[in-house]
Amino acid sequence: MKLRIILGGTASGKERLALECAQRLDAEIVSVDSMKVYRGLDVATAKAGPEERAAARHHCLDLLEPEETFAATDFARAADAAIADIVARGKIPLLSGGTAFYYKALLEGLFEGPGADLPLRAELEARARKDGPEALHRELCAKDPAAGAKIHPSDLRRLVRALEVISLTGQTLSGRQTQWAGFHSEAGASAAAAPFAAPRYPFVMVRLVRERADLHRRIAERIRRMAARGLREEAARVWENRATYSRTPLQAVGYKEFFPYFRGEENWEAALERLRHGTNRLVRSQETWFRKFPAEEFFLPPDAEPAEAAAKLIDGIFKI
RNA sequence: GCUGGGGUAGCUCAGCUGGUAGAGCACGGCCCUGAAAAGGCCGGUGUCGGCAGUUCAACUCUGCCCCCCAGCA
């Protein structure tokens, strides 16, 4: 049983297309999305509602509370379970979502190693604030030259992770990573150089393509729709709970853009504008990821009909 | 109409005792191995409001004109 995968950035129309395909294939949808796993984050994430869920069964939505932390590896575990369940019932798993890193974790796997140690990270971050991220970079270069060469001196996030692995395991991050790369392809070749060379599941992948201008128009529309559906209230709830919510929801496009508004520094219109720009940027980075994925392109003109597109997809790329 | 402030990148603005310009954001490209809608790197962009004058050289000085904002009429 091959996984069907629909790749597309925010506002590309992939959810709608996935739903049409699911109905025609008697498939079930597995969401690949770092934000939709949270309960109560519905409007800003454009999460499937009751109607959509009645039309096709959805997985990997509403897995946890906004206070909880979640990582790519947790997603891979949840998706593995969902896929096994779907296949056991003789249905087709149809994956759709915009979080590239989660696809990597699910299809390629992550290296064996420790998870996040939040207090340790906080400590390292405090040091970076005091002495600058270059101090962490110097330390990394001394302890793990290969990782030091690969990670930019200002990429605090990755510096912290690399030092975290060393401190927790006594082994280098670069050593552990090549271990995995060798598992996927020939020794020495990096996993990034040959994405999905030895995937954990067989799959067929489609990448939805739209013109940028079309995408920007759809994003503006999408934001207007969200505003009409209670985006302000949802964002206000996230803002009020910022002390207890985990970091992920606080970083979501659709909430953080309103923080200046809630602080009284900006008006509503300016916040919506900020959200538009944030969404544009998100789509850009999603596309950068997806362009490297082994997917067949599927161009959607601005006036594409989801039903027709789905039929074409099923007769074409998704026909196995 | 008068007085003052201002017209420089798509936007907000900085700049120059004269040597044809920058920053943030936007926009575009890229990197990514347990917080990824995060984090990081790189990039182009301009008839410097118009016309004339001074000058080897004007975005910068001078004159006139146009436009915007505030106050006074």
Side-chain angles (χ1 to χ4, degrees), chain A residues 9-11 32-38 41 44-47 64 66-78 97-118 120-122 125 128 133 136-137 146-147 149-162 164-165 168-169 172-184 190-193 195-196 212-213 215-216 219 238 245-257 260 270 273-293:
Chain A
T10 299
V32 183
D33 189 300
S34 62
M35 295 300 163
K36 293 183 190 183
V37 296
Y38 285 102
L41 311 186
T45 62
K47 197 186 286 169
L64 61 159
E67 287 81 6
E68 300 178 81
T69 54
F70 192 73
T73 193
D74 301 317
F75 170 78
R77 230 189 328 267
T99 304
F101 189 46
Y102 282 10
Y103 283 109
K104 296 260 291 182
L106 177 67
L107 298 175
E108 216 172 26
L110 300 171
F111 71 95
E112 254 176 288
D117 182 331
L118 266 23
L120 176 58
R121 288 184 182 188
E125 278 162 13
L136 298 189
H137 188 250
K150 209 177 141 193
I151 300 171
H152 189 96
S154 30
D155 195 348
L156 185 59
R157 225 26 188 268
R158 290 192 170 73
L159 291 173
V160 166
R161 173 59 180 161
E164 176 185 54
V165 170
L168 257 30
T169 65
T172 61
L173 174 73
S174 59
R176 297 199 152 232
Q177 286 180 346
T178 35
Q179 195 187 321
W180 263 102
F183 175 78
H184 286 303
S190 88
F196 311 108
R212 230 2 116 66
L215 229 27
H216 285 174
I219 286 166
V238 171
Y245 275 14
S246 93
R247 201 157 142 174
T248 312
L250 298 178
Q251 293 168 337
V253 171
Y255 304 127
K256 65 170 183 291
E257 289 78 11
E273 179 80 352
R274 190 184 283 278
L275 174 53
R276 237 191 60 227
H277 293 320
T279 311
N280 289 168
R281 199 168 348 103
L282 169 61
V283 166
R284 236 180 286 146
S285 64
Q286 287 171 319
E287 291 194 340
T288 297
W289 266 116
F290 292 156
R291 272 193 283 262
K292 288 203 316 186
F293 279 33

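Here is how names work: the chains are called A, B, and so on, in the same order as the sequence lines, proteins then strands, and each is numbered from 1.
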Checklist entry - In the structure shown, which nucleotide is the Watson-Crick or G-U wobble counterpart of B:A9, with both distances under 3.5 Å? => result none
Checklist entry - Under 3.5 Å, is there a donor-acceptor pair between the side chain of A:T45 and the main chain of A:K36? => result no
Checklist entry - Is it true that a side-chain atom of A:E108 and a backbone atom of A:A105 form a donor plus acceptor pair closer than 3.5 Å? => result no
Checklist entry - If we call it a pair only when both distances are under 3.5 Å in a Watson-Crick or G-U wobble match, what pairs with B:U3? => result B:A70
Checklist entry - Is the base of B:G34 syn or anti, where syn means the angle lies within 90° of 0? => result syn
Item to check | Watson-Crick/G-U partner (both atom distances under 3.5 Å) of B:A26 | outcome: none
Checklist outcome for this item: Taking B:C32, B:G29, B:A35 as options, the one with an atom nearest any side-chain atom of A:E125 is B:A35
Checklist entry - How are the rings of A:Y102 and A:F75 set relative to one another: parallel (under 30°), tilted (30 to 60°) or perpendicular (over 60°)? => result parallel
Next on the checklist: Using atom P in both nucleotides, what's the gap between B:G44 and B:G29 to the nearest angstrom?
Outcome noted: 16 Å
Checklist outcome for this item: Of the candidates B:A35, B:C27, B:C30, the side chain of A:T288 sits closest to B:C30
Checklist entry - For B:G18, which nucleotide in any strand shown is its Watson-Crick or wobble partner with both distances under 3.5 Å? => result none
What pairs of nitrogen or oxygen atoms, one from the protein and one from nucleotides 38-42 of chain B, lie under 3.5 Å apart?
| residue | atom | partner | partner atom | Å |
| --- | --- | --- | --- | --- |
| B:A38 | OP1 | A:K256 | NZ | 2.9 |
| B:A38 | O2' | A:R157 | NH1 | 2.3 |
| B:A38 | O2' | A:R157 | NH2 | 2.6 |
| B:A38 | O2' | A:Q251 | NE2 | 3.1 |
| B:A38 | N1 | A:R158 | NH2 | 3.0 |
| B:G39 | O2' | A:D155 | OD1 | 2.7 |
| B:G39 | N2 | A:D155 | OD2 | 3.3 |
| B:G39 | N2 | A:R158 | NH1 | 2.9 |
| B:G39 | N3 | A:R158 | NH1 | 2.9 |
| B:G40 | O3' | A:S154 | OG | 3.2 |
| B:C41 | OP1 | A:S154 | OG | 3.1 |

Next on the checklist: Quick check for you: among B:G29, B:U33, B:A35, whose closest atom lies nearest to any side-chain atom of A:L173?
Outcome noted: B:U33
Next on the checklist: Taking only the C1' atom of each, what is the distance from B:G49 to B:A9 in whole angstrom?
Outcome noted: 15 Å
Item to check | Rounded distance in Å between the P positions of B:G15 and B:U60 | outcome: 16 Å
Checklist entry - Quick one: do A:E287 and A:R284 make a salt bridge, cutoff under 4.0 Å? => result no
Item to check | A:R212 side-chain proximity, nearest of B:G28, B:A36, B:C27 | outcome: B:G28
Checklist outcome for this item: Per atom distances to the A:A116 side chain, the nearest of B:A35, B:U33, B:G29 is B:A35
Item to check | Pairwise C1' distance, B:C56 and B:A70 [rounded to whole Å] | outcome: 42 Å
Item to check | Partner nucleotide of B:A36 by Watson-Crick or wobble geometry (both distances under 3.5 Å) | outcome: none
Checklist outcome for this item: Paired to B:G44 by Watson-Crick or G-U wobble criteria (both distances under 3.5 Å) is none
Item to check | P atoms of B:U62 and B:U54, separation to the nearest Å | outcome: 16 Å
